[in-house]
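One structure is given here, and the rest of the page talks about it.
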Number of protein chains: 4
Amino acid sequence: MVEKRDTKEKILRAALEMFTESSYSTVTIDDIAKRAGVSKGGVFHYFDSKLQLAKKALVLGVKMLWAKNIDEQLDGCKTPAEKVWVIIDNSLSGIIEQSKLMRFINDMYTYCKDESGTMESIKNIWEEHIKIVKTTLSEVGVSNPGLKSRILCACIDGLIYQILTFQELKINLDSLKKEIYDLFVK
Amino acid sequence: MVEKRDTKEKILRAALEMFTESSYSTVTIDDIAKRAGVSKGGVFHYFDSKLQLAKKALVLGVKMLWAKNIDEQLDGCKTPAEKVWVIIDNSLSGIIEQSKLMRFINDMYTYCKDESGTMESIKNIWEEHIKIVKTTLSEVGVSNPGLKSRILCACIDGLIYQILTFQELKINLDSLKKEIYDLFVK
Amino acid sequence: MVEKRDTKEKILRAALEMFTESSYSTVTIDDIAKRAGVSKGGVFHYFDSKLQLAKKALVLGVKMLWAKNIDEQLDGCKTPAEKVWVIIDNSLSGIIEQSKLMRFINDMYTYCKDESGTMESIKNIWEEHIKIVKTTLSEVGVSNPGLKSRILCACIDGLIYQILTFQELKINLDSLKKEIYDLFVK
Amino acid sequence: MVEKRDTKEKILRAALEMFTESSYSTVTIDDIAKRAGVSKGGVFHYFDSKLQLAKKALVLGVKMLWAKNIDEQLDGCKTPAEKVWVIIDNSLSGIIEQSKLMRFINDMYTYCKDESGTMESIKNIWEEHIKIVKTTLSEVGVSNPGLKSRILCACIDGLIYQILTFQELKINLDSLKKEIYDLFVK
DNA sequence: CATGAATGAGACTTCATTCAT
DNA sequence: GATGAATGAAGTCTCATTCAT
C-alpha cells in the first residue's frame with residue numbers, strides 16, 4: 001500500500017535526476033530503473049511510456065523548484081523593497097539547479113510542442129510566479145509593474161541560461177543581484 | 001572544385017535547418033541527406049559523424065544569426081542612445097529565429113558539455129557581442145556598463161527563452177522594447 | 001467449494017471467448033483475468049500456464065459446439081434422409097460460431113503439434129462425429145458411406161473455412177444446404 | 001542492381017518458409033534474417049515491419065501454390081471430364097503444402113481482418129480459381145455448376161483442413177479422389 | 001566523388017510468471 | 001484463496017556507420 005506509492009515516487013525522482021543531467025534521448029529506461037533500484041519492467045508497471053514518465057518528472061521538477069516556499073519568505077518581509085530583494089536573491093542563488101531544470105524543460109519542449117497539456121501546465125506555474133513578482137513590484141511603486149515584472153523574470157531566466165550554456169557568469173553573482181535590484185527598484 | 005564546396009555547404013545548411021526545427025536525436029542522417037539532396041553516404045563523405053556535423057551546423061547558425069551585420073547598423077547611428085535602441089530592436093525582432101537557435105544550442109550543450117571546443121567557440125562569439133553592448137552602454141554614460149551589458153543581454157535571452165518555451169510573450173513586443181530601453185538608458 | 005469451481009469456470013469461459021475472438025498470442029492473461037473478473041494471479045492459481053489454459057479452453061469449446069445435442073435431434077427424426085438433413089442444416093446454421101472455433105483450433109495446432117494430447121482429444125471428438133454421419137449415410141443406403149461421410153464433413157468444414165477467411169459465402173446458404181443434400185442423398 | 005532484387009527475394013522466401021511452418025508470433029525477425037542469411041537490419045531495409053513482410057510473404061505463397069500452372073494442364077486435357085479429374089488430383093496431391101499455406105492464411109487473418117487489402121487480394125486469387133472450376137463443371141454438363149463448383153472447392157479445402165489439424169486422413173487419398181470425382185461428375 | 005545496401009548495437013516495450021502479503 | 005507489484009527474457013524496430021561498387 002505505502003510500498004506502491006514509494007516505488008512510483010522512487011522511479012519519478014530517479015527519472016527527474018537523470019533527465020536533468022542528460023538529455024531525454026540519452027537517458028535510457030534501464031538507467032532510470034537502475035538508479036531507482038527497480039527492474040526495467042517495474043518502470044512500465046507505473047508509467048505507460050518513457051515520454052509519459054519524462055512529462056511527469058518534468059512537472060514534478062518544476063513544482064519542486066518553482067513552488068519552493070517563496071511565499072513564506074515573502075511573508076516574512078517587512079517592506080516591499082525587501083520582497084523584491086528576496087525574489088532576486090532566491091532565484092539566482094539556486095542558479096545551477098535552475099539551469100539544469102531549464103535544460104530539461106527545453107529538451108522536453110521538442111517532444112511536447114505538438115501536443116497540449118504538459119507545456120501548458122508548466123506555463124501555468126510560471127504565470128503564477130510572474131503574478132507574485134508583479135504584485136510585489138506594484139507595492140514598491142514602480143511604473144509599469146506589468147511590463148517590469150516580465151522583464152525582471154526574463155533577466156533572471158537569461159542569466160540562468162548563460163550559466164546553462166557557458167557554465168560560468170564571469171561576474172560576481174552578488175554584484176549582479178545588487179545591480180538588478182537597483183535597476184528595477186531604483 | 002566549386003561543386004565540392006557546394007555539396008558540403010548544402011549538407012551543412014540542411015543540417016542547420018533540421019536541427020533548429022527538431023532535436024538532435026530526432027533528426028536522422030537520412031533526413032538531412034534527403035533535404036540536402038544527397039545520399040546518406042554523401043553526408044559521411046564530408047563529415048566524420050553526426051555529432052561533428054551538428055557542431056559545425058551549430059557554429060554556422062550562431063555566426064549567421066549573431067554576427068548579422070549589426071556592426072554596419074551601429075555605424076549608421078548618430079548617437080550612442082540610438083545604438084542601444086538598435087541593439088534591443090535588432091535582437092528582439094528576430095525573436096522566433098533566435099529561439100530556435102537557442103533550442104539547438106541548448107540541445108547540443110548536452111552532447112558537448114564534457115568536451116572543450118564547440119561551446120567555447122560559441123562562447124567567444126557571444127563575448128564579442130557582449131563587448132559591443134558594453135562599449136555602447138559606456139558611450140551612453142550609464143553606471144556600471146560591464147554589469148549592465150550582461151544584464152541587458154540576459155534580459156533579451158530570457159525573453160527569447162520565454163518565446164521558445166511558451167510560444168508567446170503575452171505582451172506587446174514594442175512596449176517591451178521601449179520599457180527595456182528606458183530601464184537601461186533612462 | 002462451489003465458489004472454487006465457479007471461479008475456475010469463469011476463467012475458462014473468459015479464455016474461450018477471448019481465444020476465439022483473437023489469436024493466442026494477442027490475448028494476454030491480463031485480458032482474460034479482466035474479463036473473468038479476477039486478478040492476474042488468480043488465473044495462475046487455477047491453471048499452470050497460459051498454454052495449459054488455452055488447451056483446456058479449446059477442449060471446452062469443441063465440446064460445447066460439436067457435442068451440441070445433435071443426438072437428441074437425430075433421435076427425433078423419422079427417416080434416415082431426414083437425419084442427413086439435420087446434420088447438414090445443423091452444421092451450417094452455426095457457421096459463424098464454427099468458423100471462430102476453427103480459427104482457434106488452427107491457432108492452437110501450431111503450439112501443440114509437437115506434443116501428444118490436446119489435438120488427439122479433439123480428434124477423438126471429431127471421429128465420434130464422423131461415425132454418426134457414417135452411420136446415418138449407411139441408413140440412407142448410399143454407396144461407400146465411409147468415404148462419403150468424410151467427404152460430407154470435409155465439405156462442411158471447407159465452407160466454414162471460407163467463411164472464416166473471406167467473411168462471406170457469396171451464395172445463399174439455403175441453396176447450398178439443399179444442393180449438398182441432393183449431392184449426397186440423391 | 002541484381003543483388004538488390006535477390007536479397008529482397010531471399011528474405012521473402014525465408015519468411016514464407018518460416019511462416020508456413022510456425023505461427024506469425026512464434027517466428028521472429030531474427031529467425032527469418034538468419035535463414036535468409038542477412039542481418040536483422042537487412043530485413044527492415046526492405047520491409048517496413050514484420051507484419052508487412054508477412055503479408056507480402058502470404059501473397060507470394062498463395063500465388064506460388066494456387067496459380068501453379070494449372071492452366072497448362074487443363075489445356076492439355078482432351079475431355080471436360082478429364083479436366084475435372086486434373087483439378088481434383090492436382091489440389092489433393094499437394095495437400096501437405098496446401099495445409100501449411102492454409103494455416104498461414106488462417107493465422108494472418110487474425111492480424112489483417114480489420115484492414116482491407118491483404119485478405120482481399122487473396123480472395124481475388126481464390127475467386128479466379130473458383131471460376132475455372134465452375135467453367136469446367138459447366139463443360140461437363142452438370143446441373144448448378146455455380147453451386148457445385150463452390151461445394152467441390154469446399155470439399156477439397158475441408159480435406160486440407162483435416163490434414164492440417166489431424167496430420168492424417170485415415171483414408172486412402174486415391175480412393176477419396178475417385179469418390180469425389182464420381183460424386184460431382186457421376 | 002557518390003551511392004545505398006548491409007550491419008548490428010542498443011533502445012523501448014510487452015507479458016508470462018512468481019511471490020510476498 | 002486472492003491480489004497485484006515486481007521481474008526479466010525476449011521481441012520489434014531504429015539508425016549511425018561502413019564499404020563494395
Side-chain angles (χ1 to χ4, degrees), chain A residues 1 3-8 11 24-33 36-53, chain B residues 1 3-4 7-8 24-34 37-54, chain C residues 1 3-4 7-8 11 24-34 37-54, chain D residues 1 3-8 11 25-33 36-53:
Chain A
M1 315 297 121
E3 274 293 341
K4 185 174 165 180
R5 189 133 214 114
D6 273 7
T7 303
K8 191 171 181 181
I11 295 169
Y24 175 77
S25 69
T26 304
V27 173
T28 71
I29 293 285
D30 246 351
D31 293 336
I32 296 170
V38 300
S39 69
K40 213 190 307 190
V43 174
F44 287 99
H45 189 74
Y46 291 100
F47 301 93
D48 290 343
S49 67
K50 185 185 178 184
L51 190 57
Q52 196 218 33
L53 169 57
Chain B
M1 306 298 120
E3 272 294 341
K4 185 172 165 182
T7 304
K8 191 171 180 180
Y24 175 76
S25 68
T26 303
V27 174
T28 69
I29 294 284
D30 248 352
D31 293 335
I32 295 169
K34 215 159 281 170
V38 300
S39 70
K40 213 194 304 197
V43 174
F44 284 95
H45 190 76
Y46 291 101
F47 301 92
D48 291 343
S49 68
K50 184 185 178 185
L51 191 56
Q52 196 218 32
L53 168 57
Chain C
M1 305 300 121
E3 272 291 345
K4 185 173 166 181
T7 303
K8 192 172 180 180
I11 295 169
Y24 175 76
S25 69
T26 305
V27 173
T28 69
I29 293 285
D30 247 352
D31 293 335
I32 296 170
K34 217 159 278 169
V38 301
S39 71
K40 212 192 311 197
V43 174
F44 284 95
H45 190 75
Y46 290 102
F47 301 92
D48 290 343
S49 68
K50 185 186 177 185
L51 191 56
Q52 196 219 32
L53 169 58
Chain D
M1 311 298 120
E3 273 294 343
K4 184 174 167 181
R5 190 135 213 115
D6 274 7
T7 304
K8 192 172 180 180
I11 295 169
S25 70
T26 304
V27 173
T28 71
I29 293 285
D30 247 350
D31 293 335
I32 295 170
V38 300
S39 69
K40 211 189 313 188
V43 175
F44 288 100
H45 189 74
Y46 290 100
F47 301 93
D48 291 343
S49 67
K50 184 186 178 184
L51 191 56
Q52 197 219 32
L53 169 56

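Quantities reported herein were computed from a predicted structural model and do not represent experimental measurements. Chain identifiers are assigned alphabetically (A, B, ...) following the order of the sequence lines, protein sequences preceding nucleic acid strands; residue numbering begins at 1 within each chain.
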Residues forming a side chain to side chain contact (heavy atoms under 4.5 Å, CB included) with Lys34(C), sequence neighbours excluded: none
Lys8(B) to Phe47(B) six-membered ring, cation-pi geometry met (6.0 Å, 45°): yes
In Watson-Crick or G-U wobble terms, with both distances under 3.5 Å, the base opposite dC19(E) is dG4(F)
Pairwise 5' ranking along DNA chain F for Ser49(B) and Asp30(D), keeping only the more 5' one: Asp30(D)
Taking the minimum atom-to-atom distance to the side chain of Ser39(C), which one of dA6(F), dG4(F), dA2(E) wins? dG4(F)
How long is the line joining CD of Gln52(A) and P of dT14(E), in whole Å? 12 Å
Atom pair distance, as rounded to whole Å: CZ in Phe47(D) and C1' in dT14(F): 18 Å
Could you give the OH-to-P distance, from Tyr46(D) to dT7(E), as a whole number of Å? 9 Å
Atom CD of Gln52(B) and atom OH of Tyr46(B): how far apart are they, to the nearest 0.5 Å? 14.0 Å
Would you say that Leu51(C) contacts Tyr24(C) through its side chain, given a criterion of any heavy-atom pair below 4.5 Å between the two side chains? yes
Closest nucleotide of DNA chain E for Gly42(B) versus for Ser25(C): which of these residues is on the 5' side? Gly42(B)
Closer than 4.0 Å, any side-chain N/O of His45(B) to the OP1 or OP2 of dC1(E)? no
Separation of dC15(E) P from Leu51(C) CG (nearest whole Å): 17 Å
Applying a 4.0 Å non-hydrogen cut-off, can you work out what Val27(D) is touching in the nucleic acid: base, sugar-phosphate, or nothing? sugar-phosphate
Look at Thr7(D) and dA6(E) and indicate whether a side-chain polar atom (N or O) is within less than 4.0 Å of OP1 or OP2. yes
Atom-to-atom span, NZ of Lys8(C) to C1' of dA2(F) - whole angstrom: 16 Å
Given DNA chain E, 5'-ward residue of the pair Lys40(C) and Ile29(A), judged by closest heavy atom: Ile29(A)
Atom pair distance, as rounded to whole Å: CG in Leu53(A) and P in dA11(E): 16 Å
Taking the side chain of Thr28(A) as heavy atoms from C-beta outward, which of dA16(F), dA2(E), dC12(E) is closest to it? dC12(E)
Grab the CZ-C1' distance between Phe44(A) and dA10(F) for me, whole Å please. 14 Å
Expressed in angstrom and rounded to an integer, what is the separation of Lys50(B) atom NZ from dC15(F) atom C1'? 8 Å
At their closest point, which heavy atom of Ile32(C) faces which heavy atom of Ile11(C), and how far apart are they? CG2-O, 4.0 Å
